Amino acid sequence: MPVLLHDTMSREMRPLLPRRPDGVYGMYCCGPTVYGPAHIGNFRTFTIQDTLRRTLEVSGIHVRHVRNITDVDDKTIRGAQAAGKSLAEFTKGWTDKFHHDCQALELLPPQVEPSAVAHIPQQITMIAALVARGHAYVAKDGSVYFKVCSCPDYGKLSHLDRSNLSTQSTNSAGEANDADEYERESAADFALWKSRKPEDGPNFWPSPWGEGRPGWHIECSAMSLEHLGATFDLHAGGVDLCFPHHENEIAQSECATGVKGFAAHWFHSAHLMVEGEKMSKSLGNLYTLDDLKAKGWSPMEVRWTLLSGHYRSPLNFTMKGLDDARSALGKLERGLDNLLTTAGFTRAEFLPPTTHETQTAWGRFLPAWEKLCDDLNVPGAFGEIFKTLSNPAKDLTAAREDISGLAKILYALGITPFAVKAEVAIPANIRELAEKRWAAKQAKDFQGADSLRNQITAAGWTMLDRKDGYDLKPGA
RNA sequence: GGUGCGGUAGCCAAGUGGUAAGGCCGGGCUCUGCAAAAGCCCCAUUCGUCGGUUCGAUUCCGACCCGCACCUCCA
């Protein structure tokens, strides 16, 4: 069953199938700018991209996933200087942090993770090609700009009106867009190479146009060409990148290589809201994974929450949503436990699928898989999973088929049940009260047991009795 | 103003030309010394508003209202 996905450029639902003869599906995702910790909005996009990649893999497609690291731009340079570190040292730290968070969120590592700094020669080569072909010009200060009017179909991705663009010299805030705007022939033109400025410090590279550094947009064009070729299957990013970043990438790449059809499919995911408001530093709602961990949420609960809405709709991220996710994950685990019992398996035997051959059983989870294949409908798939789980499997054989299907679905979603919960240290005094209460209960001293329960509750803990013992958890 | 997305129960959120998935919360019951957990059951005559097409529309068409995003910092 092919995976169907909405394409931004054609605005159509299209099947995702490898175009290359070797069957490899090339997927390029705009990665993070490593000047600080990524926030959950960034991770919504990366989690959705990861889910698409996993879904393609389960459908039997061999994916080559490329996600770049932007390690040179205004923010990284400024950050490095503020931290008193070299650019490389500064971005290495934040890249490591990003990888750590990705791992916690079960994001599969891309096959290739190119760095912009490591691809400066390729960027220079591409800029030189653009200059040679008349698509770029060198300004007096040694900066190089892309000549938007030289690209007749500029705007085809975002469907923007070109005449409107060329007259626009201020942004929505009414500010001039660039200090060097007078260097440009047209306000719509954008920088390919930025000439060296004093504030860049030691961060400049030689080029045929003098010392400087690459513009932001050219990075992705050069890296996708290097690792996927002049045309490839899918390009992904957040909606905000649609214009101008992706539009510029198309123009640069197609004009530099002379090959039309840069990316066959454009995949954009909607933004994340927090508690009903746009995320911003001033509102103080720019959560990182660490912020949420500190509030007691597990990365898996965060992943579930990030996936709980369709990728093309804005998602309102709330603490209530995390709470819902926790309950839902618990329900999933209980349902899976039932299935494993019927199948005669232990939890340890529930493993992610190592191969994703389409002929292996889906059991009753085929409808859930069909949802996922239909424009990556994750909420729909969640619904189907729970609907199926609410009915017991008929027998051992049926349960085993179900488990095969569910394992593949959960792999595609990147949901790992039975994750080890964070062990909360129980204070000795609480432990002591609990022991006393348990003893009192065994002795049928219910008055004493109730009194001890009250003390435990007052101390901020909850004692949960089982037949053969008890559990303690923080909170009322 | 331009472009795009969306308005479905208390909250989150799928979906369909034939009479509304699922999750959370809430309510009831069972179990339980109590409490919790768990299990079972219940929980939208209705899908922003108004028209149109139709035997039938939440689903198609039109208008309108409202919300959101992007329009050269942004996942």
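Here the structure is a predicted model, which means the values were calculated and not measured. Proteins come first, then strands; the chains are lettered A, B, ... in the order of their sequence lines, and each starts at number 1.
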Under 4.0 angstrom, heavy atoms only, what part of the nucleic acid is [X] near: base, sugar-phosphate, or nothing?
X: A/K278; result: sugar-phosphate
X: A/G41; result: base
X: A/M319; result: nothing
X: A/F190; result: nothing
X: A/T318; result: nothing

Give the nucleotide from the list [options] with an atom nearest to the side chain of [X].
X: A/R334; options: B/rA13, B/rG39, B/rG33; result: B/rG39
X: A/S327; options: B/rC24, B/rA69, B/rC34; result: B/rC24
X: A/A188; options: B/rA75, B/rG33, B/rU72; result: B/rU72
X: A/T33; options: B/rC24, B/rG33, B/rA75; result: B/rA75
X: A/D240; options: B/rC74, B/rA69, B/rG23; result: B/rC74
X: A/K371; options: B/rC74, B/rG33, B/rG15; result: B/rG15
X: A/R437; options: B/rG23, B/rC34, B/rC70; result: B/rC34
X: A/D450; options: B/rC34, B/rA75, B/rA21; result: B/rC34

Margin query: Both A/S390 and A/A449 contact RNA chain B. Which one's nearest nucleotide lies toward the 5' end?
Written below: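 Going by which nucleotide is closer to the 5' end, it is A/A449.
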Check: Given that A/G383 and A/K75 both sit by RNA chain B, which one's nearest nucleotide is further toward the 5' end?
Finding: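 By nearest-heavy-atom nucleotide position, the 5'-most residue is A/G383.
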Check: Ring-on-base stacking between A/F446 and B/rG33, under 5.5 Å between centres and under 30° between planes: is it there?
Finding: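 Aromatic stack with B/rG33 present for A/F446.
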Next item on the list: Would you say whether A/H310 stacks on B/rA13? The test is a distance between ring centres of less than 5.5 Å and an angle between planes of less than 30°.
Entry: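 A stacking contact does not exist, since A/H310 is not both close and nearly parallel to the base ring of B/rA13.
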Looking at [N], which nucleotide sits across from it as a Watson-Crick or G-U wobble partner, both distances under 3.5 angstrom, or is there none?
N: B/rA35; answer: none
N: B/rC25; answer: none
N: B/rU3; answer: B/rA69
N: B/rG17; answer: none
N: B/rC60; answer: B/rG52

Using the [atom1] atoms only, state how far [M] lies from [N], rounded to an integer number of Å.
N: B/rG10; M: B/rG26; atom1: C1'; result: 8 Å
N: B/rA38; M: B/rC24; atom1: P; result: 10 Å
N: B/rC43; M: B/rG62; atom1: C1'; result: 36 Å
N: B/rC73; M: B/rA69; atom1: C1'; result: 16 Å
N: B/rA21; M: B/rC64; atom1: P; result: 33 Å
N: B/rC65; M: B/rG27; atom1: C1'; result: 36 Å

Notebook entry, point to check: Given A/H310 and A/H6, is the ring pair (Phe, Tyr, Trp, His ring centres under 6.0 Å) satisfied, shown in steps?
Noted result: CA-CA 12 Å; A/H310 187 93; A/H6 182 266; 9.3 Å; no
Item checked: Sub-6.0 Å ring centroid separation between A/Y28 and A/F267 ->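 Aromatic pair excluded; centres sit 6.0 Å or further apart.
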Item checked: A/Y137/A/F146 aromatic ring centres below 6.0 Å ->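 A/Y137 vs A/F146: aromatic centres not under 6.0 Å.
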Check: Would you say the side chain of A/R453 and the base of B/rC34 hold a donor-acceptor pair, judged only by whether the two atoms sit under 3.5 Å apart?
Finding: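 Present.
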Note to self: Let's test your reading of the model: under 3.5 Å, does the base of B/rC25 pair with the side chain of A/D324 as donor and acceptor?
What the structure shows: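 Result: no qualifying N/O pair found.
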OP1 or OP2 of [N] versus the side-chain N and O atoms of [X]: is any pair under 4.0 Å?
X: A/N377; N: B/rG15; answer: yes
X: A/K331; N: B/rG23; answer: yes
X: A/R11; N: B/rG4; answer: yes

Next item on the list: Please determine if A/K194 and A/D200 form a salt bridge, counting it only when a charged side-chain N lies under 4.0 Å from a carboxylate O.
Entry: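 No, A/K194 and A/D200 are not salt-bridged.
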Next item on the list: Start with the C-alpha distance between A/W216 and A/N248, add both sets of side-chain angles, then the distance that settles side-chain contact (heavy atoms from CB on, under 4.5 Å), and finish with yes or no.
Entry: CA-CA 10 Å; A/W216 175 46; A/N248 293 354; over 6 Å; no
Check: Do the numbers put A/R44 on top of the ring of A/F317, so that NZ or CZ is under 6.0 Å from the six-membered ring centre and no more than 45° off the axis?
Finding: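 The answer is no, since A/R44 fails at least one limit relative to A/F317.
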